[in-house]
Structure formats: structure tokens, C-alpha cells
Amino acid sequence: MAIPEALAFDVYGTLVDPIGIAAELERHAGDAARRIAETWRQKQIEYTFRLSMMERYEDFEWVTHRSLHQALAVVGLELSAGAVDELMASYDRLQRFDDVAEGLDRLREAGHTLAILSNGTPRMLERLALNAGLRPPIEEIVSVDEVRVYKPSPRVYLHAAERLRRPPGEVRLVSSNPFDVVGAETAGMRAAWVDRSGVGLFDTLGEPPRMVVRSLVELAAELDRAAV
Ligand code: LAC
């Protein structure tokens with residue numbers, strides 16, 4: 001049996017697939033859909049980093065809206081306000097990855113405390129959790145909106161530990177995003193990297209964490225093994 005841990009899950013890219021929105025984009029953009037989805041995600045993350053550098057905060061809904069407009073501009077596509085609203089609404093219905101339901105159930109059964117720790121606003125995360133069937137087994141939702149700064153500011157991770165009523169060293173961030181993993185470890189948390197592409201390409205700002213898995217089912221097995 002595993003030693004019960006507090007696990008804080010990243011959402012976009014880890015529990016749900018933001019690039020999956022390409023299916024929705026195809027209706028508007030045909031072949032350019034995937035490029036728009038990827039640019040949308042890249043710009044969204046870039047904007048969070050830049051806002052934090054400028055010590056300015058605009059919430060993730062604002063960031064997601066602005067980055068969608070930029071991604072559309074890159075391919076020279078103009079959409080009606082209605083179509084943009086529909087795409088934004090689709091962001092609350094992103095599909096979970098295939099391993100997520102089983103993985104979370106196993107982790108819950110093993111006695112771990114499960115929380116979300118995300119850049120998303122509380123409103124976005126509540127809707128997404130409901131639509132993707134994440135809650136339960138996830139009990140707590142922690143949004144960066146509570147501290148008005150984005151990942152990987154240490155303030156985010158320290159706040160999450162406080163919300164989970166544990167010292168940072170007793171919380172493990174689970175994320176597919178290397179910048180998030182490195183940020184959490186820098187703030188004193190443990191981490192697990194979910195290598196969703198499966199090719200082992202981390203980044204070079206920090207070492208990969210000791211725990212690297214390809215799915216949440218594998219994570220449950222790893223935590224069981226770690227306890228032996
Ligand atoms: C999140 C982004 C970073 O969910 O994926 O916080």
C-alpha cells in the first residue's frame with residue numbers, strides 16, 4: 001500500500017487536453033485548426049509568464065481570450081464574436097486524457113488527498129471539473145487567482161501547500177509541464193512529471209524529477225511501489 005500523500009494536479013495538458021480543441025476549431029478553420037490550437041496554447045502560457053514578469057495580473061479567462069485572438073491573427077482568420085464565445089465555452093469542456101478517470105480512482109482508493117492546482121480561474125476550473133467528471137475524486141480546487149500571480153511563481157506553490165494544510169515538502173505537484181515541475185521543486189515541493197508525449201523530452205532549466213510516469217495509472221503504481 002502507498003503512504004498517503006497530498007497530490008496537487010496541474011490541469012491543462014495534464015488532466016485535460018487543450019490541443020483537443022482543434023476538433024472544434026476545424027469547423028471554423030479547416031486544415032489550420034491544429035496550428036491555431038497549438039499557437040493558442042503557446043501564447044496563453046507566454047502571456048502568463050509576461051504578465052507575472054510585469055507584476056500585472058489579468059485572470060486566465062482574459063489570457064485565454066486574448067491568446068485565442070492572437071492565434072487566429074497568426075493564420076489570418078477572423079471569426080465572429082459568437083464563434084469566439086463558442087470556442088471559449090468549449091474550453092470548459094476540454095476532454096480528459098484516457099488514463100485520468102482510472103488513475104484518479106486508484107489514487108483516491110490508495111488514500112491520497114487529491115487537489116487541483118491550476119492557472120485557471122475558479123469558475124473555469126469548477127466547470128471543467130464538472131464536465132470532465134473530475135470532482136470527485138478530486139476534493140480541492142486551488143486556483144492561482146487566489147494569489148493573483150501565475151505559475152511558476154513560488155507564491156503559487158506555497159499558497160497551495162497552505163491551502164492543503166501541509167508543509168510544501170509534503171505536497172507533490174503532478175504535471176506534464178516541465179516549467180511547472182521545476183517551479184514546484186524550486187519552491188520546495190516534491191513533483192512527478194507526466195511525460196505525455198512519451199519521448200522523455202524534459203527541459204534544461206532543471207533536472208527531471210525522480211518520479212517520471214506516462215500516465216496517472218502509472219503514477220498510482222509508482223506511489224504504491226515507493227511505499228514498499
Ligand atoms: C495549468 C496550466 C499551466 O493548469 O496548464 O495551470
Side-chain angles (χ1 to χ4, degrees), residues 7-22 37-53 57-68 71 88 90-97 99-100 103-104 114-132 134-135 138 140-161 163-164 171-187 189 191-197 201-203 205-206 209 213 215-216 219:
L7 304 174
F9 290 88
D10 170 61
V11 171
Y12 302 97
T14 302
L15 299 182
V16 300
D17 182 10
I19 305 303
I21 204 145
E38 285 173 356
T39 312
W40 187 0
R41 173 69 175 158
Q42 274 162 13
K43 281 285 157 189
Q44 182 194 47
I45 297 204
E46 181 193 319
Y47 286 0
T48 60
F49 294 165
R50 286 170 53 190
L51 283 166
S52 293
M53 285 293 294
Y57 182 75
E58 303 287 350
D59 78 21
F60 202 58
E61 207 158 322
W62 184 96
V63 165
T64 303
H65 195 249
R66 291 295 172 110
S67 50
L68 169 58
M88 286 295 296
S90 303
Y91 224 80
D92 295 337
R93 292 191 303 270
L94 291 172
Q95 300 291 307
R96 62 179 187 224
F97 289 101
D99 54 290
V100 166
L104 291 179
L114 310 184
I116 276 172
L117 172 57
S118 174
N119 279 346
T121 62
R123 196 203 62 82
M124 291 169 90
L125 296 172
E126 290 287 354
R127 287 197 193 184
L128 192 58
L130 186 73
N131 291 330
L134 302 174
R135 197 185 194 192
I138 287 181
E140 299 248 21
I141 294 184
V142 183
S143 163
V144 304
D145 201 57
E146 294 157 23
V147 282
R148 296 176 64 83
V149 67
Y150 285 103
K151 296 172 176 180
S153 165
R155 280 169 51 206
V156 167
Y157 305 102
L158 298 179
H159 172 69
R163 280 279 313 276
L164 298 174
V171 179
R172 187 185 299 275
L173 178 89
V174 181
S175 181
S176 65
N177 295 302
F179 81 83
D180 198 9
V181 168
V182 174
E185 288 192 322
T186 301
M189 271 188 187
W193 178 42
V194 185
D195 178 10
R196 288 231 169 262
S197 67
L201 189 64
F202 193 69
D203 73 16
L205 202 55
V213 294
S215 71
L216 300 194
L219 176 68

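In what follows, residues are counted from 1 in the order of the sequence shown. Values reported hereafter were calculated over all heavy atoms of this structure, with side chains retained and with hydrogens, waters and symmetry mates removed. In each ligand, atom 1 is the first atom listed, and ligand 1 is the first ligand listed.
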**Q** Of all the atoms in ligand 1, which lie at a distance below 4.0 Å from a heavy atom belonging to K151?
**A** 1 (C), 6 (O)
**Q** Which bit of R41 gets closer than 4.0 Å to ligand 1, counting heavy atoms only: side chain, backbone, both or neither?
**A** side chain
**Q** Go through ligand 1 atom by atom and flag the ones less than 4.0 Å from a non-hydrogen atom of S118.
**A** 1 (C), 4 (O), 6 (O)
**Q** Taking the six-membered ring for Trp, are W40 and Y91 parallel (under 30°), tilted (30 to 60°) or perpendicular (over 60°)?
**A** tilted
**Q** Please write down residue, atom name and distance for the protein heavy atom closest to atom 1 (C) of ligand 1.
**A** D10 OD1, 2.7 Å
**Q** Flag this pair as yes if the NZ/CZ of R66 is under 6.0 angstrom from the six-membered ring centre of Y47 and inside a 45 degree cone about the axis; otherwise no.
**A** no
**Q** Less than 3.5 Å between some nitrogen or oxygen of G13 and one of ligand 1, yes or no?
**A** no
**Q** Sort out for me which residue in Y150, Y12, F179 forms a side chain to side chain contact (heavy atoms under 4.5 Å, CB included) with I45.
**A** F179
**Q** If you measure from each non-hydrogen atom of N177 to ligand 1, which part falls under 4.0 Å: side chain, backbone, both or neither?
**A** side chain
**Q** Find the distance between CE (M124) and CG (L94) and round it off to the nearest 0.5 Å.
**A** 8.5 Å
**Q** To the nearest 0.5 Å, what is the distance between CD (Q44) and CZ (F49)?
**A** 10.5 Å
